[in-house]
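Report on the following structure.
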Amino acid sequence: MRFYSHEARIALFAVTALIVAVAVTKVHVLDFGEPLDQVLEVGIGSLLISLISQAYLDGEEPVKYFLSWFWAFFVSEFFLGYTPFFPYHLGLLTYVASSLLYAIVGSAVTSLVRLNRVKQETHGLPSLQMWSATVVYVSFFLLSYFFKLDRLADEVIPFFLFSYLLSFFAVGKEYGTSFNLSLIGLLATAGFLTGDAILKTDLILPVLVLGIALLYYGVTMRVVVVYTKKGIAGGVVTSNFAVFLFPLVTILVWYAISHYVGYLPYPNKMNFSVIFLPETVGNVIVDTLKGRKLDVVGGGIVGGVGLADGLWLDLVATMLYYLFFLTLGLYFGSIAYVISSLMISAISL
């Protein structure tokens, strides 16, 4: 069994940052006036936990520290209700803006404190991958709240947390394909979202979705092998926009068959959720088959640490489309989803 110790330590640092994020809203030790008090208190808290991090965390990774602080303040404010001082009200974007502001302060202090570790080598999740995942997940949470469908987000959060903990472990051959344990949570989440909808439709519909998934991911996924000074590395990747395109392609094919052939029911609010489980199963199958090509460079891993891999982002993208579909219907929902996914894709790089 493989344990992602470095990413687990980054997660531990994020937890300590969350403690600071909550504490600065409850305990005030300065009296210079806002926003200076809050900024300085965040800086003091960051100094403390950053000094402590020297004992357990290797390397100097400013982007990961920034994302750790961002998630700390986002979770504190959006989920726990501990609101730091922020001078402007921007609606839902206030959660993002204030989290970004304090993340800049906290991560700047952390990066300065850890400058002495800049030459230490680390082997962990790429920072850009963490950024992309952050944009997608935050978009889902904000839109679920905006569409007043936050119950959906509340229901899947326990699955996310359970899967996140599992993601620090992987099983498999030392020189062959390995499987990240978050796949258990991935399939459980997809199964929960599909629910009994799969039993209320003809078998042809989930089989159709599975077939579309196998074909779509078979075409859009590609194996990349990179030669570096440290050796040969590889992975199964797909483009950012391809992540968002699958649910739209599936619905269009489903609608076309329903309209021109007439055998299937039209996609609606009651049967849309059939998509989740067959999509995920097909995605995992293709990822596994594609990943076998990496055995020549030491093997690949199906799934990834931190729920930041393509399998999870594909599922969350379908959940995003689900929000638009439930709220705006097939036509306007699809248009709004395309516009939103283009924006999210651009921001997530």
Side-chain angles (χ1 to χ4, degrees), residues 136 139-140 143-144 146-149 152 155-156 186-187 189-222 236-290 310-346:
V136 173
S139 298
F140 168 71
L143 285 170
S144 66
F146 177 77
F147 288 134
K148 302 187 186 305
L149 294 171
L152 175 63
E155 289 175 340
V156 298
L186 177 72
L187 293 169
T189 306
F192 170 77
L193 289 169
T194 291
D196 62 355
I198 201 168
L199 302 176
K200 296 178 180 179
T201 60
D202 291 333
L203 182 61
I204 187 65
L205 183 54
V207 170
L208 172 67
V209 176
L210 176 61
I212 295 172
L214 292 172
L215 180 60
Y216 181 85
Y217 292 119
V219 172
T220 59
M221 281 187 187
R222 56 193 175 91
V236 179
V237 300
T238 187
S239 68
N240 275 4
F241 189 65
V243 167
F244 296 99
L245 197 57
F246 174 81
L248 188 63
V249 169
T250 302
I251 287 295
L252 290 177
V253 173
W254 178 358
Y255 181 86
I257 292 175
S258 301
H259 186 74
Y260 293 107
V261 179
Y263 184 75
L264 294 176
Y266 283 97
N268 57 54
K269 296 180 180 180
M270 301 301 295
N271 59 21
F272 180 100
S273 58
V274 170
I275 292 177
F276 292 108
L277 187 57
E279 170 205 353
T280 304
V281 171
N283 203 355
V284 171
I285 290 173
V286 174
D287 197 351
T288 302
L289 295 176
K290 293 265 188 178
L311 295 176
W312 274 98
L313 298 188
D314 289 333
L315 177 62
V316 177
T318 303
M319 293 167 65
L320 275 169
Y321 183 53
Y322 189 36
L323 296 176
F324 285 97
F325 187 90
L326 289 177
T327 308
L328 302 175
L330 175 60
Y331 305 111
F332 293 111
S334 297
I335 294 171
Y337 172 76
V338 169
I339 296 172
S340 299
S341 61
L342 285 171
M343 295 172 61
I344 295 170
S345 181

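One-based numbering along the sequence shown.
- No side-chain heavy atom of L186 sits under 4.5 Å from any side-chain heavy atom of T189.
- A 4.5 Å side-chain heavy-atom check between I344 and L320 finds at least one atom pair inside the cut-off.
- Partners of T238 under the side-chain hydrogen bond (donor to acceptor under 3.5 Å, both in side chains) rule, at least two apart in sequence or in another chain, do not exist in this structure.
- Under the rule for a ring pair (Phe, Tyr, Trp, His ring centres under 6.0 Å), the partners of Y217 that lie at least two apart in sequence or sit in another chain are F246.
- Nearest heavy atom pair, residue S340 against residue F324, reads OG-CZ, 3.2 Å.
- Proximity of M221 to N283: side-chain heavy atoms (C-beta onward) are separated by under 4.5 Å at one or more points.
- Inter-residue side-chain proximity for L152 and S144 is flagged as unmet; no heavy-atom pair is nearer than 4.5 Å.
- Looking only at atom types and distance, the side chain of T250 has no donor-acceptor partner in the side chain of Y216 under 3.5 Å away.
- Take F241 and apply the ring pair (Phe, Tyr, Trp, His ring centres under 6.0 Å) test, not counting sequence neighbours, and it matches no residue.
- Residues satisfying the ring pair (Phe, Tyr, Trp, His ring centres under 6.0 Å) criterion with F332, sequence neighbours excluded, are absent altogether.
- The ring pair (Phe, Tyr, Trp, His ring centres under 6.0 Å) test applied to F276 returns Y322, not counting sequence neighbours.
- In plain terms, the two heavy atoms of L193 and S273 that are nearest each other are O-CB, 3.3 Å.
- Rounding to the nearest 0.5 angstrom, the gap separating the CG atom in L323 from the CG atom in L326 is 7.0 Å.
- Without hydrogens or angle criteria, Y337 side chain to F244 main chain gives a donor-acceptor distance under 3.5 Å.
- Here the closest non-hydrogen pair linking A213 and P278 is CB-O, 4.2 Å.
- Put simply, CG on D202 and CG on L205 are 8.0 Å apart, with the number rounded to the nearest 0.5 Å.
- W254 places a side-chain N or O within 3.5 Å of a backbone atom of P265 that can act as its donor or acceptor partner.
- A 4.5 Å side-chain heavy-atom check between T220 and S239 finds every atom pair outside the cut-off.
- By the 4.5 Å heavy-atom criterion applied to side chains, R222 and V236 are not counted as neighbours.
- For L277 against G191, the heavy-atom pair with the smallest separation is CD1-N, 3.9 Å.
- How far CD1 of I257 is from CG of L208: 4.5 Å, rounded to the nearest 0.5 Å.
- When all heavy atoms of A190 and T280 are compared, the closest pair comes out as CB-OG1, 3.3 Å.
- Note that OG1 of T288 and CG of L311 are 8.0 Å apart. Values are rounded to the nearest 0.5 Å.
- Although no hydrogens or angles enter the test, the distance criterion places no donor-acceptor pair under 3.5 Å between the side chain of T318 and the main chain of P247.
- Looking at every heavy atom in both residues, V243 comes nearest to A317 through O-CB, 3.5 Å.
- Note: L187 CG to L315 CG = 9.5 Å, rounded to the nearest 0.5 Å.
- By the neighbour-count criterion of 12 heavy atoms within 6.0 Å, atom OH of Y266 is densely surrounded, having more than that number from other residues, nucleotides or ligands.
- A distance of 11.5 Å separates CG of N240 from CG of L342, quoted to the nearest 0.5 Å.
- Looking at K200, its side chain never comes within 3.5 Å of a backbone N or O of N271 through a donor-acceptor pair.
- Between I335 and L328, every side-chain heavy-atom pair lies at or beyond the 4.5 Å cut-off.
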Q: Could you walk me through whether S334 and Y321 pass side-chain hydrogen bond (donor to acceptor under 3.5 Å, both in side chains), step by step?
A: CA-CA 7 Å; S334 297; Y321 183 53; 2.6 Å; yes
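- Under the salt bridge (Lys or Arg N to Asp or Glu O under 4.0 Å) criterion, no residue pair touches residues 267-287, with sequence neighbours excluded.
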